[in-house]
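For reference, the structure discussed in these notes is given below.
Just follow the structure's listing: the first ligand is 1, and inside any ligand the first atom is 1. The first residue of the sequence shown is numbered 1, and numbering continues consecutively from there.
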Amino acid sequence: MRRKIRIAPSILSADFTRLGEEVKAAEKAGGDLIHIDVMDGHFVPNITYGPLIVEACRRSCKLPLDVHLMIEKPDLYIDDFARAGADMITVHQEACVHLHRTIQQIKQAGEKLGRNILAGVSLNPATSLTTLTEILTDLDLLLIMSVNPGFGAQKFIEGSLGKISLARQLIDGSHFQVLIEVDGGVNPQTAKLLIQAGAEILVAGNSVFKSKDYKKAIKGLRG
Ligand code: DX5
Ligand code: ZN
């Protein structure tokens, strides 16, 4: 059975002088989610944006908002991102001392607002999947980084394909309902390999927002 592939254009590569239009264009072009990269200049060496931009995206489209927190102490900000309209909140394993508590906090943030927020955990390229063995049952989403987080337009790390295949085997062989998302260096060539390996959500910054035709670019990633 062919898995449904979802494409998540990342606004990191969008033209911020026209953010609303860019998000609307990605929606019209067939994007399934809007991926929002939050960076704090500590966990990663770059600084981007916070809940204000999530809220602006919320007002610009109807697509689910996929918020990727590349920040230290994410617990302090989860409620703010939930209130701003996040539908999925992903934290980094490497940034959370009490990951189980943080995952519960994401779910509770949704409950407080009367809606479902998916709880995700991301792994840097150097972090093993085995670090999540005890928490997999609590996760809605596993975000595997295929570049070192911090910047768009980086080269895809081939070694991440093995981790994706392993995650797919692990999840398919269990009763867990965990979506597998991949982030970094996604283009038509790498997308094919990622889909074969078992990914079902592909984040794409440069290959969508730096293209001339968003619709064609998104279609070209579906494999
Ligand atoms: C990188 C971010 C990515 C970034 C991907 O740290 O998490 O979401 O936008 O950019 P591309 O698709 O250009 O590699
Ligand atoms: Zn991201």
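Other residues, nucleotides and ligands place more than 12 heavy atoms under 6.0 Å from the NZ atom of K107. For OH of Y77, the number of neighbouring non-hydrogen atoms (other residues, nucleotides, ligands) closer than 6.0 Å is 12 at most.
A salt bridge between R168 and E200 is present, with a side-chain N of the basic residue lying under 4.0 Å from a carboxylate O of the acidic one.
Tested against I201 for a side-chain contact (heavy atoms from CB on, under 4.5 Å), the candidates L141, I180, D32, V182 yield a single pass: L141. Screening V147, N206, L221 for a side-chain contact (heavy atoms from CB on, under 4.5 Å) with V186, the sole residue that qualifies is L221.
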* **L33/L65 under side chain to side chain contact (heavy atoms under 4.5 Å, CB included): CA gap, chis, key distance, verdict** => CA-CA 6 Å; L33 311 164; L65 301 181; over 6 Å; no
* Show your working on side chain to side chain contact (heavy atoms under 4.5 Å, CB included) between D87 and R58 and close with a plain yes or no. => CA-CA 10 Å; D87 297 287; R58 185 63 299 148; 3.0 Å; yes
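Enumerated by chain and number, the residues approaching ligand 1 to less than 4.0 Å through a heavy atom are S10, L12, H35, D37, M39, H68, M70, M145, P149, G150, F151, G152, A153, D183, G184, G185, V203, A204, G205, N206.
Here the closest heavy-atom approach between residue L123 and residue Q93 is recorded as CD2-CB, 3.7 Å.
In this structure, OG in S10 is found 6.5 Å from CG in D183, a value given to the nearest 0.5 Å.
Taking distances strictly below 2.8 Å, the protein N/O/S atoms close to the Zn ion (ligand 2) are H35 NE2, D37 OD1, H68 ND1, D183 OD2.
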